[in-house]
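So the structure is just underneath, and the comments pick up after that.
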Amino acid sequence: MNIHFEQKKQQLGVRKIWGSKQQTISSVCFDSRNVTNNSSFVCITGEQFDGHNFIESAIKNGAVVVAGENKAILKEASETYRDCTFLLVEDARVFMAQLSILFNKRIHEKLITVGITGTNGKTTVAAYVRSLMNLCGVKSGSIGTTGMISSSGNLNMKQSTPTTPEAPDLHHIFKQFVENGDQLAAMEVTSVGIEQKRTAGIDFDVAIHTNLSPEHLEFHHTFENYKQAKLKLFKQAKKAVVNIDDEGMGKEIVELFAGPLLTYSMNEKSGADVIASDVKQVSNGTSFTLSVHGKHYSVITPFYGSYNIANLLSAICTGLHIGIPLEKMLHVLPEMTGPEGRFEIIHKQKRKIILDYAHTPVALQNLVTEVKKLPYSRLIVLVMGIGIRDKEKMPKMAETIENQADEIVVSVDHPGYNDPSEIVGHVMKGFKNPDAPNIHSELTRHDAVIKALSLSEENDIVLLTSGCINGAQIVKGEKIPHSDKDIIADFFRSKKVAKSGRMFASSKIRWAPSKKRNVL
């Protein structure tokens with residue numbers, strides 16, 4: 001694509017240009033290893049790396065445009081590589097987002113864009129919106145923790161981030177959706193993604209808020225900063241869907257948002273636009289009374305958990321916002337599907353094994369409350385400390401689960417450069433009685449899953465919480481393949497399991513101290 005940077009200075013936030021003011025570019029890159037002939041390279045400054053240090057590498061790989069915020073480095077490079085265009089920009093991330101929009105010819109505007117934020121429930125809501133809209137005849141895809149999924153299935157694309165893609169990847173995904181014939185894209189928009197301008201320049205057709213509780217404080221430092229980051233999504237949205245039950249910031253959005261807004265609630269006295277009441281677990285899911293603007297309907301859905309019914313209400317609100325008739329949605333609700341690994345039940349040798357991504361104290365409490373409504377003899381729960389998240393919530397996970405399960409296994413997800421034993425130690429600090437015989441610990445998720453399974457007997461529930469990001473454990477900057485389902489299948493196939501409950505095999509992931517690690 002040919003871009004005249006002088007003409008686009010204001011839109012892109014360009015302060016100064018060295019070299020040709022016009023270039024034909026083949027891609028937008030922020031990783032010099034991905035640069036090919038005629039690429040543009042944006043120097044992003046992060047916690048670990050400064051893109052300005054990779055300018056020479058990018059140019060050798062074929063970059064013809066280099067943009068960044070360091071005037072001295074850019075000017076010096078422009079004197080060496082006179083055939084390239086160098087751009088001093090106000091904000092490299094905003095520039096990258098706007099350039100991605102230009103490069104992809106504003107492809108996102110051909111889609112109904114639905115942005116979902118909240119501490120818990122984003123992945124589930126994205127899946128519910130995608131499922132409901134597809135069943136209603138609106139071809140839809142979703143973007144988030146479980147990957148990029150079009151109306152036709154998973155896209156074969158490596159994710160640049162765990163949840164909200166970096167801008168070049170995001171707009172490339174939008175392009176793939178459009179080429180697939182999709183009409184709507186539902187995407188998780190994290191607070192970190194918002195602060196890092198990954199969605200800059202997008203006016204979302206609908207923004208959804210699920211709930212708010214402390215999270216990502218390793219990045220935001222304070223809960224107020226975290227909340228303000230999430231509020232920014234509603235400044236770039238045309239319509240809003242808000243959980244009015246959320247005390248974190250539900251009412252604040254209602255007061256601040258000036259456009260069309262729909263509220264949802266699990267409280268029939270809340271006065272919300274869409275309400276679920278008389279919620280009951282049935283053999284194949286959940287039944288409830290759905291109230292929409294005062295009219296009542298009996299509904300059965302294949303989902304478990306009151307919080308998932310709340311998530312479903314947000315999808316219904318989204319459908320109403322974009323003009324889907326309520327009667328059409330009611331007709332297909334029993335056919336909906338949810339995301340993998342969210343209250344997903346696996347039946348093995350007369351046991352129920354439940355996979356759920358719950359990784360915050362609030363999500364864990366909500367999950368355990370709902371799991372206990374199922375029939376069982378004993379409850380075995382796996383809880384995790386997440387090495388790449390803030391350590392403040394780790395002991396709170398222990399506080400939440402103590403005395404709520406017959407057996408508790410503590411372990412580590414995504415240790416990063418941190419020592420797993422220290423992460424486990426942070427979690428254990430939350431127990432009033434950490435030496436209780438029913439509290440166990442393992443240093444890898446692999447071994448912890450096996451431990452939890454080995455403690456189970458017939459008619460027990462094994463609840464495996466938290467979980468992997470995109471089928472991997474992040475260890476020392478590398479993604480090590482991991483699958484709870486594979487471990488479960490291997491465990492029950494093993495002749496050593498029988499009824500003895502003996503453990504077998506050991507994790508392939510072993511911890512060796514690293515000089516580079518940043519211990520919590």
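A side-chain donor-acceptor contact under 3.5 Å links D460 to the backbone of E457. Between the side chain of S411 and the main chain of M384, no donor-acceptor pair closer than 3.5 Å is present. No donor-acceptor distance shorter than 3.5 angstrom exists from the side chain of E252 to the backbone of K227, with no hydrogens or angles considered. With hydrogens and angles ignored, the 3.5 Å screen pairs a side-chain donor or acceptor of N418 with a backbone N or O of P415. Remark: the backbone N or O of D486 is paired with a side-chain donor or acceptor of S483 at under 3.5 angstrom. Under a 3.5 Å cut-off, the side chain of E344 and the backbone N or O of G341 do form a donor-acceptor pair. Judged by distance alone, the side chain of T400 and the main-chain N or O of Q365 form no donor-acceptor pair under 3.5 Å. R351 places a side-chain N or O within 3.5 Å of a backbone atom of S456 that can act as its donor or acceptor partner. Under a 3.5 Å cut-off, the side chain of D246 and the backbone N or O of M249 do form a donor-acceptor pair. Side-chain atoms of N459 do not come within 3.5 Å of backbone N or O of S377 as any donor-acceptor pair.
Taking 4.5 Å as the limit, some side-chain heavy atom of H171 sits within range of a side-chain heavy atom of I202. I275 is not listed as a side-chain neighbour of M266, based on a closest heavy-atom distance of 4.5 Å or more. In this structure, L290 and V274 have side chains that are in contact, with non-hydrogen atoms separated by less than 4.5 Å. No side-chain heavy atom of F491 sits less than 4.5 Å from a side-chain heavy atom of K348. Two residues are said to be in side-chain contact when any heavy atoms from C-beta on lie closer than 4.5 Å; F492 and I346 fail this criterion. Looking at heavy atoms from C-beta onward, F303 lies out of side-chain contact with N311 at the 4.5 angstrom threshold. For the pair Y128/P339, a side-chain contact is recorded, criterion being any heavy-atom separation below 4.5 Å from C-beta on. For the pair L233 and H209, the minimum side-chain heavy-atom distance is 4.5 Å or more.
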For this session: Output, in order, the C-alpha distance, side-chain angles, deciding distance and verdict of side chain to side chain donor-acceptor pair (under 3.5 Å) for T369 and Y307.
Result: CA-CA 10 Å; T369 298; Y307 56 90; over 6 Å; no
Problem set entry | Evaluation steps, side-chain contact (heavy atoms from CB on, under 4.5 Å), between R198 and V192 | CA-CA 9 Å; R198 299 176 199 167; V192 175; 3.8 Å; yes
Exercise. Hey, mind stepping through L374 and Q281 against side-chain contact (heavy atoms from CB on, under 4.5 Å) and telling me if it holds?
Worked result: CA-CA 9 Å; L374 300 172; Q281 272 196 11; 3.3 Å; yes
Exercise. Does the pair V449 and L382 meet the rule for a side-chain contact (heavy atoms from CB on, under 4.5 Å), with working shown?
Worked result: CA-CA 7 Å; V449 170; L382 170 64; 4.0 Å; yes
For this session: Check the pair T124 / F343 against side-chain contact (heavy atoms from CB on, under 4.5 Å), numbers first and verdict last.
Result: CA-CA 10 Å; T124 300; F343 214 117; over 6 Å; no
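Residue I253 comes nearest to V242 through the heavy atom pair CG2-CG2, 3.6 Å, listed as atom of the first residue, atom of the second, then distance. When every heavy atom of H359 is checked against every heavy atom of I386, the shortest pair comes out as CB-CD1, 3.7 Å. Residues L111 and L184 come closest through the heavy atom pair CD2-N, 3.9 Å. Nearest heavy atoms, V282 versus S287: CG1-OG, 3.8 Å. The minimum heavy-atom distance between F288 and A276, with the atom names listed, is CD1-CB, 3.6 Å. The minimum heavy-atom distance linking V189 with T164 is given by the pair CA-OG1, 3.5 Å.
A donor-acceptor contact closer than 3.5 angstrom links the side chains of H296 and S291. For the residue pair D356 / T465, no side-chain donor-acceptor distance below 3.5 Å is found, with atom types taken as modelled. Side chains of S150 and Q176: a donor-acceptor N/O pair is absent below 3.5 angstrom, by distance only.
Note that the CG atom of L455 and the CD1 atom of I450 stand 12.0 Å from one another [nearest 0.5 Å]. Note that CD1 of I309 is 4.5 Å distant from OG1 of T286, once rounded to the nearest 0.5 Å. Separation of atoms OG1 (T210) and CG (N120) is listed at 7.0 Å; rounding is to 0.5 Å. Between atom CG of residue N284 and atom OH of residue Y304 there is a gap of 6.5 Å, rounded to the nearest 0.5 Å. Atoms CG and OG1, from L367 and T360 in turn, are 10.0 Å apart once rounded to the nearest 0.5 Å. How far CG of N243 is from CG of D245: 5.0 Å, rounded to the nearest 0.5 Å.
Enclosure of atom NZ in K372 by more than 12 non-hydrogen atoms of other residues, nucleotides or ligands within 6.0 angstrom is indicated. Under a cut-off of 6.0 angstrom, the local environment of NZ in K232 is crowded, with over 12 non-hydrogen atoms contributed by other residues, nucleotides or ligands. Shown here is E478, whose CD atom has no more than 12 heavy atoms of other residues, nucleotides or ligands within 6.0 Å. Counting non-hydrogen atoms of other residues, nucleotides and ligands closer than 6.0 Å to CD of E268 gives a total of 12 or fewer. Heavy atoms from other residues, nucleotides or ligands lying under 6.0 Å from NZ of K139 number more than 12. Counting non-hydrogen atoms of other residues, nucleotides and ligands closer than 6.0 Å to CD of E340 gives a total of 12 or fewer.
Between D413 and R445 there is a salt bridge, since a side-chain N of the basic residue sits under 4.0 Å from a carboxylate O of the acidic one. At a threshold of 4.0 Å, the pair K396-E399 does not count as salt-bridged, since none of the basic side-chain nitrogens sits closer than that to a carboxylate oxygen.
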Quiz: residues 316-338 side-chain donor-acceptor pairs under 3.5 angstrom, not counting sequence neighbours:
unit_1	atom_1	unit_2	atom_2	d
T318	OG1	S314	O	2.9
H321	NE2	A240	O	2.8
K328	NZ	C136	O	3.1

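Between H108 and F174, the ring planes lie tilted relative to each other; the angle falls in the 30° to 60° range.
Sorted by first and then second residue, the ring pair (Phe, Tyr, Trp, His ring centres under 6.0 Å) pairs involving residues 364-397 (not counting sequence neighbours) form an empty list.
The side chain to side chain donor-acceptor pair (under 3.5 Å) search around D182 returns S151, N180, not counting sequence neighbours.
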